[in-house]
Amino acid sequence: MPPEPGGKERHTARVAHEQALRGHQVLVALRHGGVPPGVAAVTPERSRVTRAVAGRSDPLAFAVDCARVLPRLGPLDVVHLHGDHREALFLGPVARRLGVPLLVTVHGALAMRHRAIMPWAFRHVAGFTALGTRPTADLRRAGVPAHAILTISSGVDLPRLEAFRSRATPEPGLIVSVGSLVPVKNHALTIEAFRRLRAVRPGMRLVIVGEGPERARLERLASAERGVEFTGHLPGDEVYRLVSRAQVFVLSSCRLSSVGEGVPTAALEALALGTAVVVSSDATLDPVVADREAYRVFRSGSADDLLACLRSVLDGDEARARMTGRARAAVAGLDWPLVAARIEDWYGSP
């Protein structure tokens, strides 16, 4: 389980939980937090070296610690890394020496400035799961053959989300965005488009859910505009109640040189909750949501495009109703047990 909080941790924990329910013995290495019921925790000790490395990259230091503890865990059938070439560089050789296949799940865009070292870092990886078309494309550019990549997404807890959807009372004028307050989420663009929207629709309200290092800057950007609220981190059920009441869910993510979105789970959950979803072209839901009429896409980085998209969705009651009507069917194949079964099948692929 990666040391940074967020969607990657949620994905890792849920995959482990589903695997335990399917009768597997699952060990999860983690730096902090807890593990799901039925899953055993492994907490590698830091060394003097990794304490120093952690100041520059805690995920990298964590990978080194995990590589050191791996031989002491007893017989293993598979090692499943949630990360990229940086962690694979350390875990791959150890898995190779142990004779255990290493599977890597890439959650977002790769840092392609490191492309030259990727073939070396990935040389001991038996297979990949990539969350969306962008990580898949990056892996292919790094020389990974198509047959070694399974393109999937995170799952969603459909029964739980359906319960919130059935009880929701829509709040006219409510726009919600969910994501860590970090540059890749590009909340500043959402605030700018909302500012223009509210100039002609003064009753609108934007609620941004999440915490992160950009909070102070974003609050300054929003300070001159009424109607913007930052909630910080919220428990899952509170997020679902809020999103299920919204008229529109927005995600303005952009690709940066070192990071980018895979398939954003928050957007999939919004679809399952029956909320109209608007995402940037850098937060694509391809290929896991095949129905492009179930959501809207705007050009990443363009406040004009986002504003036009929001106005179209908010003004078109019938079109918005069609979107939300198609949304549940669009994510029907993403219930967590189904996603976990696909990953288990991939473990057994030749």
Side-chain angles (χ1 to χ4, degrees), residues 6-15 17-18 21 36 107-108 129 131-133 151-171 174-180 185 207-210 231 233-253 261-280 283-297 309-310 313-314 317 319-343:
K8 193 185 294 187
E9 280 191 326
R10 292 173 58 203
H11 175 101
T12 306
R14 189 57 190 258
V15 168
H17 176 62
E18 292 294 337
L21 291 177
H107 287 251
T129 52
L131 303 194
T133 55
T151 303
I152 59 170
S153 79
S154 288
V156 290
D157 192 339
L158 291 180
R160 182 181 179 193
L161 295 171
E162 183 60 41
F164 285 95
R165 176 176 181 164
S166 64
R167 297 193 299 263
T169 301
E171 181 180 326
L174 175 61
I175 299 173
V176 174
S177 185
V178 179
S180 299
K185 297 298 184 181
V207 179
I208 298 176
V209 179
T231 69
H233 175 77
L234 292 178
D237 285 0
E238 290 186 35
V239 176
Y240 299 150
R241 289 188 192 97
L242 179 64
V243 173
S244 65
R245 296 201 320 268
Q247 276 194 293
V248 185
F249 172 92
V250 178
L251 193 60
S252 295
S253 300
E261 288 277 14
V263 177
T265 303
L268 299 178
E269 290 175 336
L271 289 173
L273 288 165
T275 301
V277 169
V278 173
V279 297
S280 78
T284 175
L285 304 184
D286 293 337
V288 296
V289 179
D291 185 357
R292 290 299 299 270
E293 297 301 314
Y295 66 103
R296 297 287 182 270
V297 180
C309 202
L310 287 173
V313 172
L314 289 166
D317 292 344
R320 190 171 67 254
R322 285 196 298 273
M323 286 174 63
T324 59
R326 301 173 78 114
R328 181 63 171 79
V331 296
L334 301 180
D335 199 17
W336 262 117
L338 299 177
V339 173
R342 293 189 69 193
I343 294 171

What heavy-atom pair brings [X] and [Y] nearest, and what distance separates the two atoms?
X	Y	answer
Leu310	Val250	CD2-CG2, 3.6 Å
Ala267	Val277	O-CG2, 3.9 Å
Val289	Asp286	O-OD1, 4.1 Å
Ala332	Leu158	O-CD1, 3.6 Å
Leu273	Leu161	CD2-O, 3.4 Å
Ala276	Thr324	N-CG2, 3.7 Å

Hey, mind stepping through Leu271 and Tyr295 against side-chain contact (heavy atoms from CB on, under 4.5 Å) and telling me if it holds? CA-CA 8 Å; Leu271 289 173; Tyr295 66 103; 4.2 Å; yes
Distance to the ring centre below 6.0 angstrom and angle to the axis at most 45 degrees; does that hold for Arg160 and Phe164? no
Would you mind reporting whether [Y] and [X] have side-chain heavy atoms less than 4.5 Å apart?
X	Y	result
Glu18	Pro337	yes
Leu314	Val248	yes
Pro287	Thr151	yes
Leu242	Glu238	no
Leu285	Pro264	yes
Lys185	Ser253	yes
Arg292	Val297	yes
Arg296	Val313	yes

Whether Arg10 and Glu269 form a salt bridge (side-chain N of Lys/Arg under 4.0 Å from carboxylate O of Asp/Glu) is what I want to check. yes
Are Glu293 and Arg326 within salt-bridge range, i.e. N to O under 4.0 Å? no
Quick one: does any side-chain atom of Thr275 pair with a main-chain N or O of Val243 as donor and acceptor, under 3.5 Å? yes
Keeping Trp336 on the side-chain end and Gly155 on the backbone end, is there a donor-acceptor pair under 3.5 Å? yes
Full working for side-chain contact (heavy atoms from CB on, under 4.5 Å) between Arg245 and Leu174: CA-CA 8 Å; Arg245 296 201 320 268; Leu174 175 61; 4.2 Å; yes
Quickly, which of Val331, Thr129, Val263, Thr265 forms a side chain to side chain contact (heavy atoms under 4.5 Å, CB included) with Ser153? Name it, please. Val263
Of Leu234, Val209, Ile208, which meets side chain to side chain contact (heavy atoms under 4.5 Å, CB included) against Val178? Val209
Taking atom CD of Gln247 and atom CD of Glu171, what is their separation to the nearest 0.5 Å? 9.0 Å
Once rounded to the nearest 0.5 Å, what's the spacing between atom CZ of Arg165 and atom CD of Glu162? 5.5 Å
